[in-house]
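Inspection log for the structure reproduced underneath, given as structure tokens.
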Amino acid sequence: MLSGVAEIDKAKRLIDREALRLAFLERYEGEPRMFRAPGRVNLIGEHTDYNGGFVLPMAIECETIVAAVRREERRVRVYSLNVDEAAVFDLDRPGVPRRGIWLDYVEGVARALEDCGIQLSGADLMILSDVPQGAGLSSSAALEVATGLALLTIAGKEIDRVALALAGQRGEHTYVGTLCGIMDQFVAALGRAGHALLIDCRKLEATAVPFDTSSVVVAICDTHVKHELSSSEYNTRRAECEHGVELLAEVLPHITQLRDVGLEEFARHEFLLPEPIRRRCRHVVGENERTLDAADALRRGDVEEVGRLMNRSHESLRDDYEVSCTELDLLVQIALKCEGVLGSRMTGAGFGGSTVNLVRREQLERFKQVISTEYEARLHVAPTIYTSEPGDGAREICI
């Protein structure tokens, strides 16, 4: 139990905002303003963002909330209720990046905003989140974007939401050391209720795609597994893709990222690539095409086609990109045997985390039962299953 706050309602996945306010007042002076940013689940388009391609995520209802009060001195005091820890940093003194602690995300986005020429004020911050950590639902981007919005607003500064997302990404690159793409911060900043976002990660443009969930549910199954390979292999995959571009550019001089390579072009020239570079690039080129096709299907309300493309995406992530794992593959196998499941795939960077499933509403309870029973029977641990409607992005909230 977190001191001073009510436990998160696990059924509704909602934070008790009044309890957060009271906890803030116990520790700091001044009535706080509150800012929230959501986690996200990616429907399709995995490992395409840092290749300049397309992704189709949606914001979920789980959120990170940052309560904030301005301080005149340029020190930031921050307390995380989730880990029951306090920290402080001085905006006028150089920071220490890549300490491997939660503060890296908070300080990272603050330093990134200052590097853009935005002078922040000091602040007292308190953080509470119900975005599951390690589930591949982007708890880090939710923290970065909520913190960035809080610091900007109490300092009387404004930037557009794309710039806010870029500051979160830059902070993660420099302070955390993960060379993430822009998808997570982008959807945390710009998510729209009732819609998925088709994001062009090169142009930094998002198109809201209506997502009618009257007949289907997005169900997220958390393996509760995070293999140690995840961070190192993420950066390795990025380097492999960049090497593939270098090799393909010898015959396709117009390309600068895998985003520029079409399916037919790749089929003609893939023999130039050694393994495993060939398979890595094959995944990205195919995944971009699948993502655009899925967005079109979603617009038409063709959820069966969206599900089929999700299944193909998982096969590619498993076999060509090799970022799945035994636990993720098992969840997908069980899901696809369940009546009413239209599609199932791993979501997030991989090597653990979660699967995303498109399930007929009338079959949801049976799906939950089968997934929980069979997964636990095989691996002796129960998955956690979340459902969510497409939610809104970051904003200031009132209680």
Next on the checklist: Taking E315 first and then R318, would you say they form a salt bridge - that is, a charged N and a carboxylate O separated by under 4.0 Å?
Outcome noted: no

Checklist entry - Are L336 and L331 connected in a single hydrophobic cluster, I mean Ile/Leu/Val/Met/Phe/Trp/Tyr linked by side-chain heavy atoms less than 4.5 Å apart? => result yes

Checklist entry - Just wondering, are more than 12 heavy atoms of other shown residues or ligands nearer than 6.0 Å to CD in E304? => result yes

Item to check | Pairwise side-chain contact, R75 with R93, heavy-atom cut-off 4.5 Å (strictly under) | outcome: no

Next on the checklist: Treating R279 as the side-chain partner and D319 as the backbone partner, does any N or O pair qualify as donor plus acceptor under 3.5 Å?
Outcome noted: yes

Checklist entry - Is there side-chain contact between L358 and V306, with heavy atoms separated by less than 4.5 Å? => result yes

Checklist entry - With side chains defined as the heavy atoms from C-beta onward, is the minimum distance between L364 and T387 less than 4.5 Å? => result yes

Checklist entry - Is any side-chain heavy atom of V284 closer than 4.5 Å to a side-chain heavy atom of Y321? => result yes

Next on the checklist: Set out, in order, the CA-CA distance, both residues' side-chain angles and the distance that settles side chain to side chain donor-acceptor pair (under 3.5 Å) for R345 and S313, then state yes or no.
Outcome noted: CA-CA 7 Å; R345 61 182 289 274; S313 173; 3.1 Å; yes

Next on the checklist: Strictly distance-based, threshold 3.5 Å: is any side-chain N or O of R27 a donor or acceptor partner for the main-chain N or O of Y79?
Outcome noted: no

Next on the checklist: Is the distance from the ring center of H195 to that of F211 below 6.0 Å?
Outcome noted: no

Checklist entry - When you look at E114 and R74, which way does the salt bridge (Lys or Arg N to Asp or Glu O under 4.0 Å) test go after all the steps? => result CA-CA 12 Å; E114 290 252 317; R74 283 181 25 96; 2.9 Å; yes

Next on the checklist: If you count every heavy atom of other residues, nucleotides or ligands that lies below 6.0 Å from R300 atom CZ, does the total exceed 12?
Outcome noted: yes

Next on the checklist: If hydrophobic clusters are built from ILVMFWY residues whose side chains come within less than 4.5 Å, do I199 and V356 share one?
Outcome noted: no

Item to check | In one Ile/Leu/Val/Met/Phe/Trp/Tyr side-chain cluster, 4.5 Å: I182, L113 | outcome: no

Next on the checklist: Closer than 4.0 angstrom, basic N to acidic O: yes or no for D200 and R202?
Outcome noted: no

Checklist outcome for this item: Heavy-atom closest pair (S354 atom, A135 atom, distance to 0.1 Å) is OG-O, 2.6 Å

Checklist entry - Taking atom types as modelled, is there a side-chain donor on Q185 or E144 under 3.5 Å from an acceptor on the other? => result yes

Checklist entry - Are R17 and E63 close enough for a salt bridge, meaning some N to O gap below 4.0 Å? => result yes

Checklist entry - Does a donor on one side chain and an acceptor on the other come within less than 3.5 Å for R366 and Q369? => result yes

Checklist entry - Are any of the side-chain nitrogens in R378 or E327 under 4.0 Å away from the carboxylate oxygens of its partner? => result no

Checklist entry - Does one side chain, of N357 or T355, offer a donor that lies under 3.5 Å from an acceptor on the other? => result yes

Checklist entry - side chain to side chain contact (heavy atoms under 4.5 Å, CB included) between C281 and L273: does it pass, once the steps are laid out? => result CA-CA 9 Å; C281 294; L273 305 178; 4.1 Å; yes

Next on the checklist: Taking R192's backbone N and O only, do any of them form a donor-acceptor pair with D392's side chain (distance below 3.5 Å, no angle check)?
Outcome noted: no

Checklist entry - With sequence neighbours left out, what residues match R98 under side chain to side chain donor-acceptor pair (under 3.5 Å)? => result none

Next on the checklist: In the structure I gave you, are the side-chain heavy atoms of V323 and E233 within less than 4.5 Å of one another anywhere?
Outcome noted: no

Checklist entry - Hey, does the side chain of N51 reach the backbone of C241 with a donor-acceptor pair shorter than 3.5 angstrom? => result no

Next on the checklist: Quick check on E275: does its CD atom have over 12 non-hydrogen neighbours (other residues, nucleotides or ligands) under 6.0 Å away?
Outcome noted: yes

Checklist entry - Is there a donor-acceptor pair closer than 3.5 Å between any side-chain N or O of T48 and the backbone N or O of F54? => result yes

Checklist entry - Just checking, is any N or O donor in the side chain of S80 or E85 under 3.5 Å from an acceptor N or O on the other one? => result no

Checklist entry - Any donor and acceptor pair, going by atom type alone, linking the side chain of R280 with main-chain N or O of D320 inside 3.5 Å? => result yes

Checklist entry - Is it true that R282 and E287 have a side-chain N and a carboxylate O under 4.0 angstrom from each other? => result no

Checklist entry - Strictly by modelled atom types, are N42 and T347 linked by a side-chain donor-acceptor pair under 3.5 Å? => result no

Checklist entry - Between R21 and E31, is there a salt bridge with N-O shorter than 4.0 Å? => result yes

Item to check | Check: N82/S129 side-chain N/O donor and acceptor closer than 3.5 Å | outcome: no

Checklist entry - Hey, does the side chain of R70 reach the backbone of T153 with a donor-acceptor pair shorter than 3.5 angstrom? => result no

Checklist entry - Any ion pair linking R299 and D296 (charged N to carboxylate O, less than 4.0 Å)? => result yes

Item to check | Pairing residues for H314 by the ring-ring contact (aromatic ring centres under 6.0 Å, His included) criterion, not counting sequence neighbours | outcome: none

Next on the checklist: Starting from V96, can I reach V176 by hopping between I/L/V/M/F/W/Y residues whose side chains sit under 4.5 Å apart?
Outcome noted: no

Checklist entry - Between E240 and R238, is there a side-chain N and carboxylate O pair less than 4.0 Å apart? => result no

Checklist entry - Is it true that E339 and R360 have a side-chain N and a carboxylate O under 4.0 angstrom from each other? => result no

Item to check | Minimum heavy-atom distance between D124 and R77, given as atom pair plus value | outcome: OD1-NE, 2.7 Å

Checklist entry - Aromatic ring centroids of F266 and F271 under 6.0 Å? => result no

Next on the checklist: Applying a strict under-4.5 Å side-chain criterion to I, L, V, M, F, W and Y, I'd like to know whether V88 and V106 cluster together.
Outcome noted: no

Next on the checklist: Tell me whether the count of non-hydrogen atoms from other residues, nucleotides or ligands lying under 6.0 Å of CD in E73 goes above 12.
Outcome noted: yes

Checklist entry - Is a donor on one side and an acceptor on the other found under 3.5 Å between the side chain of R237 and the backbone of E322? => result yes

Checklist entry - Yes or no on side chain to side chain donor-acceptor pair (under 3.5 Å) for H224 and T384, after CA distance, side-chain angles and deciding distance? => result CA-CA 8 Å; H224 294 293; T384 300; 2.5 Å; yes

Next on the checklist: Could you walk me through whether S232 and F351 satisfy the side chain to side chain contact (heavy atoms under 4.5 Å, CB included) test, starting with their C-alpha distance in whole Å, then the side-chain angles of each, then the deciding distance to 0.1 Å, before giving a yes or no?
Outcome noted: CA-CA 11 Å; S232 61; F351 300 104; over 6 Å; no

Item to check | Residues L198, T291; criterion side chain to side chain contact (heavy atoms under 4.5 Å, CB included); working and verdict | outcome: CA-CA 8 Å; L198 177 63; T291 302; 4.1 Å; yes

Checklist entry - Quick one: does NZ or CZ of R111 land under 6.0 Å from the six-membered ring centre of Y175, within 45 degrees of the ring axis? => result no

Checklist entry - Would you say D49's side chain and C201's backbone share a donor-acceptor pair under 3.5 angstrom? => result no

Checklist entry - Which of parallel (below 30°), tilted (30 to 60°) and perpendicular (above 60°) describes H47 and H283? => result perpendicular

Checklist entry - Does the distance from a Lys or Arg side-chain N to an Asp or Glu carboxylate O, for E374 and K337, drop under 4.0 Å? => result yes

Next on the checklist: In the structure I gave you, are the side-chain heavy atoms of H269 and L252 within less than 4.5 Å of one another anywhere?
Outcome noted: yes

Item to check | Note, I371 side chain near C221 side chain (heavy atom, < 4.5 Å) | outcome: yes

Checklist entry - Is there a donor-acceptor pair closer than 3.5 Å between any side-chain N or O of D104 and the backbone N or O of G100? => result yes

Checklist entry - Which atom pair, heavy atoms only, marks the closest approach of L120 to A110? => result CD1-O, 3.8 Å

Checklist entry - How close do L103 and A87 get, heavy atom to heavy atom, and via which atoms? => result CD2-CB, 3.6 Å

Next on the checklist: For a salt bridge (Lys or Arg N to Asp or Glu O under 4.0 Å) check, start with the C-alpha distance between E305 and R290, then their side-chain angles and the critical distance, and finish with the verdict.
Outcome noted: CA-CA 10 Å; E305 176 64 6; R290 286 186 289 272; over 6 Å; no

Checklist entry - Will you find, in the side chains of D184 and S138, an N or O donor that is under 3.5 Å from an N or O acceptor? => result yes

